[in-house]
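As structure tokens, the structure follows; a few thoughts come after it.
Numbering of residues begins at 1 and proceeds along the displayed sequence. Remember, it's 1-based here, ligands and their atoms both numbered in the order they're listed.
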Amino acid sequence: MVTSRITGVLALQGGYARHIDVLRKLGAEAREVRTRQDLADCDSLIIPGGESTVFTKFLTNADGTPNDLHSDLRSFALTRPVMGTCAGLILLSENCDDNRVAPLGVLPVTVARNGWGRQTESFIEKLDLNPEAGFKKNTAPFEAVFIRAPRILSIGPEVRILASVSGRNEASEPVMVAWKNILGLTFHPELSVDDARIHEWFLSGF
Ligand code: GLN
């Protein structure tokens, strides 16, 4: 029996629709995830950008403790391929500088929300995708869209850096990292029209 692989996109709020478009254009089966049952049907998951404080409202009980969906997302991310973009990365992180966010705590990085500044400081930057990660050498850079993006302040010892930018002090800092089955991006790959390399790479098991 052939079982189709289903990629879920967390659809509680934020930019999930564009991710679904990109996945379907690539021929993948994509599904909106709003409940524990939706998640149980998926083989991999994308957590989109949005507002990490708002995601937290959907993932906690009235007393602020993590709810059942939070705990299922955490278990899922410990074993199956997950890509978090922007607010999705914040949700995956082990540490976030804002205690209004209840991250899943599965990706060994520390992040600062809105680390580049306000909406007006949003930007587009050309990224070289690290060939050591399996990206083809000498291909065009990836035009990455950063919207009130988080900054990755530190990473755990086994976290791989897949792409970096020059920070304010010109020192290079990671904007795309991988650890085990988890991929975290501070930008929005679904907004780079006609360049689906990152989704393709995620679907191929990266
Ligand atoms: N600034 C948002 C947050 O803190 C993330 C922005 C985004 O996902 N584009 O959650």
Side-chain angles (χ1 to χ4, degrees), residues 7-23 30 32-34 44-60 64 66-67 69-70 73-74 76-77 81-127 142-155 159 162-165 167-168 173-179 182-193 195-199 202:
T7 302
V9 181
L10 192 64
L12 300 173
Q13 66 104 210
Y16 57 88
R18 291 291 283 264
H19 280 288
I20 288 184
D21 289 348
V22 178
L23 292 169
E32 292 178 8
V33 170
R34 292 194 177 82
S44 59
L45 180 73
I46 295 177
I47 306 182
E51 209 57 61
S52 49
T53 47
V54 180
F55 279 117
T56 297
K57 291 206 167 76
F58 286 104
L59 296 174
T60 48
N67 67 15
L69 182 56
H70 186 287
L73 285 166
R74 182 179 153 77
F76 189 100
V82 175
M83 171 162 79
T85 66
C86 206
L89 161 71
I90 298 172
L91 269 192
L92 290 170
S93 72
E94 260 179 10
N95 294 297
C96 164
D97 67 337
D98 188 333
N99 61 15
R100 289 172 300 165
V101 178
L104 302 176
V106 288
L107 178 63
V109 296
T110 296
V111 297
R113 289 187 68 214
N114 304 323
W116 300 96
R118 301 151 69 95
Q119 181 78 16
T120 48
E121 264 115 356
S122 296
F123 58 96
I124 294 178
E125 181 90 19
K126 290 193 165 86
L127 301 181
F142 188 88
E143 289 210 1
V145 181
F146 294 81
I147 303 171
R148 286 185 309 107
R151 288 177 89 170
I152 298 175
L153 302 180
S154 65
I155 59 173
V159 175
L162 306 174
S164 304
V165 298
R168 290 204 182 99
E173 64 178 70
V175 293
M176 178 173 176
V177 296
W179 185 71
I182 304 177
L183 191 56
L185 285 62
T186 64
F187 53 94
H188 284 260
E190 80 285 6
L191 297 181
S192 298
V193 187
D195 192 347
R197 275 181 285 169
I198 292 177
H199 287 80
F202 175 67

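The protein non-hydrogen atom at the shortest distance from atom 5 (C) of ligand 1 is G50 O, 3.4 Å. Of the protein's non-hydrogen atoms, N114 OD1, 2.5 Å is the one closest to atom 1 (N) of ligand 1.
One distance of note links NE2 of H188 with NE2 of H19; it measures 7.5 Å at 0.5 Å rounding. Atom CG of L73 and atom CG of L91 lie 8.5 Å apart (nearest 0.5 Å).
Checking side-chain atoms of T85 against main-chain N and O of L185 turns up no donor-acceptor pair under 3.5 Å.
Taking the centre and axis of the six-membered ring of Y16, the NZ or CZ atom of R34 falls inside the cone set by 45° and 6.0 Å.
Heavy-atom proximity to atom 9 (N) of ligand 1, evaluated over R148, E51, H188, R113, is greatest for H188. One option in P150, S52, G49 has a heavy atom closer to atom 10 (O) of ligand 1 than any other, and that option is S52.
Counting the atoms of ligand 1 from 1 in the order shown, those under 4.0 Å from a heavy atom of I90 are 3 (C), 4 (O), 10 (O).
Around atom CD of E143, no more than 12 heavy atoms belonging to other residues, nucleotides or ligands sit under 6.0 Å away.
Considering backbone and side-chain N/O atoms, C86 never comes within less than 3.5 Å of an N/O atom of ligand 1.
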